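Here is the structure we will look at, set down as structure tokens.
Every number for a ligand or one of its atoms is a count from 1 in the order of the listing. Please read all numbers here as calculations on a predicted model, not as lab measurements.
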Amino acid sequence: MSDVTRTPVVAGNWKLNQTIDESLTLVRQLREAISGVDGVEVIVGPVATALHAVAGELKGSNIGLAAQNTHHEASGAFTGELSPLLLADVGCTHCIVGHSERRQLFGETDAGVGRKAAALQAHGLVPIVCLGETLEQREAGETLGVCLGQLDASLDGVAVAGDRLIVAYEPVWAIGTGKTAKASDAQEVHAALRARLREAHGEVADSIRILYGGSVKPANAAELLAEVDIDGALVGGASLKAETFAPIVEAAAG
Ligand code: PEP
């Protein structure tokens with residue numbers, strides 16, 4: 001074990017919510033609410049149509065800007081898609097890939113997630129690679145096998161370094177359901193993920209931030225974030241209001 005300290009990350013996934021005006025209002029409120037908070041990296045993830053406006057609103061702050069998806073190619077005949085090149089152009093610093101909603105509703109595979117993550121890195125963006133088990137898999141005792149399998153397969157060809165990659169463990173049954181993993185259960189998965197990263201990539205594993213996601217809210221954030229391998233949170237519902245997102249950021253700052 002090295003003694004690398006990992007700056008916590010709190011990222012908001014706004015999903016398919018918020019017009020441009022609503023996004024700008026939320027960012028302004030958030031900037032005000034967390035203006036005195038240090039020691040935590042904050043990222044917001046608006047819908048694609050709001051990225052440009054939000055990038056402008058974030059100028060002069062150190063809040064990161066995440067897209068929620070990308071294609072792996074930079075350009076070409078891919079009607080309706082966005083690319084890492086264009087996301088960098090609009091001011092994104094990060095991009096969520098492999099969210100369970102994309103895996104379940106849009107057929108995203110581990111191999112596809114890996115291609116997207118590598119392409120994002122090639123354009124200077126940091127992928128937030130999501131993985132997690134379904135309820136059936138948890139009940140069948142398959143959680144660690146599923147998560148480690150997704151980690152291996154989703155990181156094929158991806159650079160593993162603390163400033164180039166963020167991993168998010170999001171049990172599918174906890175996303176948007178109000179059910180949260182017990183902190184100790186989440187820690188068990190995070191520790192296993194880090195151990196696997198260490199096995200495959202060495203000590204750099206200690207610099208990778210592994211976020212927990214799944215119904216994180218002000219009431220449960222501190223307990224989850226107190227776990228040694230939980231380095232922050234990927235937040236859906238509670239990221240849509242500054243009054244619920246800011247306390248999570250504060251909890252991560254410690
Ligand atoms: C998410 O969408 O990544 C998420 C964790 O959602 P929620 O916080 O609403 O469960």
key: Which of the ligand 1 atoms, numbered from 1, are nearer than 4.0 Å to a heavy atom of N13   = 1 (C), 2 (O), 3 (O)
ask   = Quick one: do R103 and D110 make a salt bridge, cutoff under 4.0 Å?
value = yes
note = atom 5 (C) of ligand 1 sits nearest the protein heavy atom E170 OE2, 3.1 Å
note = Between I128 and H94, the two heavy atoms sitting closest are CD1-CB, 4.2 Å
ask   = Going by heavy atoms in the side chains, are L87 and L65 under 4.5 Å from each other?
value = no
task = Distance to 0.1 Å, residue and atom name: give those for the protein heavy atom nearest to atom 4 (C) of ligand 1.
result = G236 N, 3.5 Å
request  = May I ask you to say whether R198 pairs ionically with E203, meaning some side-chain N is under 4.0 Å from a carboxylate O?
outcome  = no
Electrostatic pair E41-R209, nearest N-O below 4.0 angstrom = yes
request  = Drop me the distance from E133's CD to T143's OG1, to the nearest 0.5 angstrom.
outcome  = 4.0 Å
key: ligand 1 N/O within reach of S215 N/O, cut-off under 3.5 Å   = yes
inquiry  = Counting only heavy atoms not in D185 (residues, nucleotides, ligands), do more than 12 fall under 6.0 Å from its CG?
reply    = yes
ask   = Taking only heavy atoms of L234, which atoms of ligand 1 are found under 4.0 Å from at least one of them?
value = 3 (O), 5 (C)
key: Nearest non-hydrogen protein atom, atom 1 (C) of ligand 1   = H99 NE2, 3.2 Å
key: Distance from atom 9 (O) of ligand 1 to nearest protein heavy atom, with residue and atom   = G237 N, 2.8 Å
query = Below 4.0 Å from any atom of ligand 1, is there a heavy atom belonging to G214?
reply = yes
ask   = Does G176 reach ligand 1 with a nitrogen or oxygen that is under 3.5 Å from one of the ligand's nitrogen or oxygen atoms?
value = yes
ask   = Of all the heavy atoms in A174, does at least one lie under 4.0 Å from an atom in ligand 1?
value = yes
ask   = Do the ring planes of Y169 and H190 sit parallel (below 30°), tilted (30 to 60°) or perpendicular (above 60°)?
value = perpendicular
ask   = Can you find an N or O of T177 that's nearer than 3.5 Å to an N or O of ligand 1?
value = no
ask   = Between I175 and ligand 1, does any nitrogen or oxygen pair lie at a separation below 3.5 Å?
value = no
